[in-house]
Amino acid sequence: MLNNQEITQTIVDIADAMEVLGENRFRVAAYRRAADTLGAQTTSLATLHAQGDLTALPGVGEGIAGIIGELLDQGHAPFVDELLTRVPPGLLDILRVPEIGPKSAARLFHDEGITDLAALQAAASEGRLRAVKGFGAKTEARILAAINLMLTSTNRLRLIDALPVMDTLVAAIGGLAGVRRVVPAGSLRRGASTVGDLNLLLATDDITGVRAALRQLPQVAGCDPDLGDVFGLQLHNGMRAGVALTPPEQWGSALVYWTGSREHVTQLQALAAERGWSFDARGFTVANSLRRCLDEDSVYAALDLPTIIPELREGWGEIAAAQQGRLPTVIEPGDIHADLHWHTTWSDGKGSLREMAEAGRALGYAFMSVADHSAYLGVTGGLDAERLRQQRLEIDALNAEYGASGASFRLLQGCEVDILPDGALALPDDVLARLDLVIASPHVALRQPREAATARLVRAINNPHVDIIGHPTGRLLNTRPGADLDMAQVIAAAASTGTILEVNAGPERLDLDAPHIRAALAAGVRLTINTDAHDPRHLAGISLGVTTARRGGAAAADVINTWELAQIAGINDRSAST
DNA sequence: GCCGTTTTCGGCCCGACTGTTTTCAGTCG
């Protein structure tokens, strides 16, 4: 029986294949819309099918419900089988390359006989692509770079995608006989934005027995030859998991060792070596005898260090900071009082102002600041001066309602204003001046040369009405590298104007990333962590942003979302006074 | 293909910009 994810993927494949075949774009869009709905379902599609409820889902009509029914009942659908025979499977990969849409993919296929990513990469690297109609040298170079990014990142999952796989694995392994304890380790435990192999640490007194049981897990497709203390598993979903096994009495040292990072552990080992000791997953070896560590605290204590949280273990200097008592006390999820960047049905969000506000109240927020798009990019349905004025009326009414009911909750009116390619903003200053909070974000022209891209952000920062720069680089994990910025210049400009830089918690962004956050904090720049939610359910996703900020060493006081409403309202005084 | 205080047809998520061409494909949210 196919699961929800497999069915959703099949519907996406249909849309992709139809697009290459030049089908009606609305028909293609209908499949994509249906796939969005299906992917968001928490109930099993098999159950909905059995109840005859599939067509109740928005975007799913008789046609698509019929295909899903066939997939569930027979494991395949004749329509899909026939469609996919007309499109080589590798062509769907080509369609995922930025710069290449359905028309180009079809042309590469029919005219050049290019049917997969490897052939496209070869053509681009040999300079043959620029000869194809519609392609030039610049496009060829960008396609080559994009393919290289795709190939190097295919084995890395975004954190948001890795977490549920890890949860399933931890639950399954935790249920095996003889397993005393199992936790995530590796880059996932450190909160990295993307994760390669999933690493877990497992404590057992019966290493042989547990090893045999791991092979039998339903998630496991195969396993590597025995490497001793680490057991490599290939999962059915294509991911790999490295399970480190340890006797319980060595838990602390094993957890430090397998959490990494490699640089961090190497530096710990150097510190141990200064004492004439050595350190590995088993513990410290002191004069040929093993000193075990039950927990992580005792590992660090043995080296006269305070415990360093996993998010900071990247080898950037955290051990020296710990020795000098300069380790930051980093922000906790519970420190966040407010989300300052989210969208509503006024622009391209899925929830109304009220629905979003209620979702925020449910998270315990004291206030929130909406940030719908400015009118600029057509598809976002952004707001101009007049619609901002109308939105303000709705916000005032909601606040009056909250006030009357005795709730202390308040809504502020912000706006996510587009930074135009030259650094000017999409709304005039007098309109910006009336907003409670102005977030300026780059959305277009993200491939400018470094100098232009940097000057653009600096110009936006220097606008006295701009309070926050949203997702500063514009990167999309595994997809788009983001603007080529001289971040030192951007940070220096933000420091001199008091402009706040965003840590966008959108799971596909996580922008700024940890190194930029550290640099910003070192320059005295404040941060804000926001979800950029386009749906009430997305507001809960603030946690990945908090994790990213922790990796950058941000303390609660560095992040304005921990401030009181009055302090936030004061941010705009800077623009009021100029 | 889906949907309907527009109900069985006709509209759906735009439009300025870039690179490559000379009329178009792809990007960006």
Side-chain angles (χ1 to χ4, degrees), chain A residues 11-12 14-15 17-20 22-38 54-68 77 79-80 83 94-108 129-143 146 341-343 345-350 371-384 415-422 424 426 439-449 452 470-471 473-476 479-483 504 506 508-509 511 532-535:
Chain A
I11 302 296
V12 171
I14 294 172
M18 283 184 159
E19 205 161 21
V20 175
E23 280 280 354
N24 178 296
R25 66 191 177 100
F26 294 112
R27 205 175 160 211
V28 174
Y31 279 99
R32 295 211 189 281
R33 211 165 38 240
D36 282 347
T37 304
L38 297 172
L54 282 173
T55 52
L57 299 173
V60 179
E62 297 295 335
I64 293 177
I67 292 172
I68 298 171
F79 168 72
V80 183
L83 184 69
I94 288 181
L95 205 53
R96 295 192 181 92
V97 177
E99 311 292 330
I100 296 184
K103 294 276 169 53
S104 302
R107 177 178 294 148
L108 289 169
L129 210 53
R130 66 184 72 177
V132 180
K133 185 175 157 59
F135 294 84
K138 280 187 176 176
T139 305
E140 182 182 71
R142 284 214 303 270
I143 285 175
H341 180 178
W342 41 276
H343 300 263
T345 46
W346 278 90
S347 65
D348 60 351
K350 291 212 172 88
D372 272 312
H373 290 280
S374 62
Y376 177 61
L377 281 173
V379 72
T380 63
L383 282 68
D384 58 13
C415 181
E416 184 181 24
V417 189
D418 280 290
I419 305 177
L420 308 187
D422 66 355
I439 303 176
S441 306
H443 289 120
V444 297
L446 298 173
R447 300 187 299 226
Q448 294 169 312
H471 48 72
T473 78
R475 79 167 177 177
L476 293 179
T479 308
R480 186 174 76 195
N504 190 289
E508 72 290 345
R509 291 190 184 276
D511 172 22
D532 203 350
H534 284 69
D535 182 300

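Each chain gets a letter, A, B and so on, in the order the sequences are listed, and its residues count up from 1.
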(message) Nearest to the side chain of Lys133(A), heavy atoms from C-beta on, is which of dG1(B), dG19(B), dT21(B)?
(response) dT21(B)
(message) What's the gap between dT20(B) and dT27(B) when it is taken at their C1' atoms, as a whole Å value?
(response) 14 Å
(message) I need the CD-P distance between Glu140(A) and dT18(B), as an integer number of Å.
(response) 22 Å
(request) Evaluate the side-chain proximity of Arg480(A) to Glu508(A): yes if any heavy-atom separation is below 4.5 Å, no if none is. (result) no
(message) Please tell me if Thr139(A) has a side-chain N or O lying less than 4.0 Å from either OP1 or OP2 of dT20(B).
(response) yes
(message) How many whole angstroms separate atom CG of Leu476(A) from atom C1' of dT27(B)?
(response) 12 Å
(message) Could you tell me how far dT21(B) sits from dG26(B) if I compare only their P atoms? Round to whole Å.
(response) 13 Å
(message) At 4.0 Å (heavy atoms only), tell me whether Pro421(A) reaches a base, stays on the sugar-phosphate, or touches nothing.
(response) nothing
(request) Quick one: list whatever passes ring-ring contact (aromatic ring centres under 6.0 Å, His included) with His471(A), sequence neighbours left out. (result) His443(A)
(message) Side chain of Phe26(A), heavy atoms from C-beta onward: which of dG19(B), dC28(B), dG1(B) has the nearest atom to it?
(response) dG1(B)
(message) Nearest whole Å is fine: how far is dT20(B) P from Lys138(A) NZ?
(response) 6 Å
(request) Could you please name the option among dG26(B), dG1(B), dC28(B) that lies closest to any side-chain atom of Leu446(A)? (result) dC28(B)
(request) Specify the separation, in whole Å, of atom CZ of Arg33(A) and atom C1' of dG1(B). (result) 8 Å
(request) Find the distance between CD1 (Ile11(A)) and CD1 (Ile68(A)) and round it off to the nearest 0.5 Å. (result) 5.0 Å
(request) Between dG26(B), dG19(B), dT22(B), spot the one nearest the side chain of Arg142(A), thanks. (result) dG19(B)
(request) Measure the distance from CD on Glu19(A) to P on dT27(B) and round it to the nearest whole Å. (result) 10 Å
(request) Sticking with atom C1', work out how far dT5(B) lies from dG1(B), rounded to a whole angstrom. (result) 23 Å
(message) Can you tell me the base-pairing partner of dT8(B)? Count Watson-Crick or G-U wobble geometry only, both distances below 3.5 Å, and say none if there is no partner.
(response) none
(request) Using a strict cut-off of less than 4.0 Å between a Lys/Arg side-chain nitrogen and an Asp/Glu carboxylate oxygen, indicate whether Lys103(A) and Glu19(A) qualify as a salt bridge. (result) no
(message) Could you tell me if His343(A) and Asp535(A) have a donor-acceptor pair between their side chains, going purely by distance under 3.5 Å?
(response) no
(message) According to side-chain contact (heavy atoms from CB on, under 4.5 Å), who are the partners of Glu23(A), at least two apart in sequence or on a separate chain?
(response) Met18(A), Arg27(A), Val28(A)
(request) Take atom CZ of Arg25(A) and atom C1' of dC24(B), then tell me their distance rounded to the nearest Å. (result) 15 Å
(message) Considering every strand and a 4.0 Å limit on heavy-atom distances, what is the contact class for Val28(A): base, sugar-phosphate, or nothing?
(response) nothing
(message) Distance check needed: dC3(B) P versus Ile64(A) CD1, whole Å only.
(response) 8 Å
(message) Need one value for Ala15(A): base, sugar-phosphate or nothing, where a base atom within 4.0 Å counts as base even if backbone is also close, heavy atoms only.
(response) nothing
(request) Return the value, rounded to whole Å, for the distance between atom CG of Asp348(A) and atom P of dC12(B). (result) 18 Å
(request) Choose from dT20(B), dT21(B), dC2(B) the nucleotide whose nearest atom is closest to any side-chain atom of Ala30(A). (result) dC2(B)
(request) Could you measure between the two C1' atoms, the one in dT22(B) and the one in dC28(B), and give it in whole Å? (result) 25 Å
(message) Measuring only the P atom in each nucleotide, how far is dC9(B) from dC14(B)? A whole number of Å is fine.
(response) 24 Å
(message) Taking dC17(B) as the reference, what is the distance to dC12(B) when you measure between their P atoms (whole Å, please)?
(response) 24 Å
(request) Check step by step if side-chain contact (heavy atoms from CB on, under 4.5 Å) holds for Ile67(A) and Tyr31(A). (result) CA-CA 11 Å; Ile67(A) 292 172; Tyr31(A) 279 99; 3.7 Å; yes
(request) Pick base, sugar-phosphate or nothing for Arg480(A), based on heavy-atom distances below 4.0 Å to the nucleic acid. (result) sugar-phosphate
(message) Between dC13(B) and dC3(B), how many Å separate the two P atoms, rounded to a whole number?
(response) 13 Å
(message) Considering every strand and a 4.0 Å limit on heavy-atom distances, what is the contact class for Arg32(A): base, sugar-phosphate, or nothing?
(response) nothing
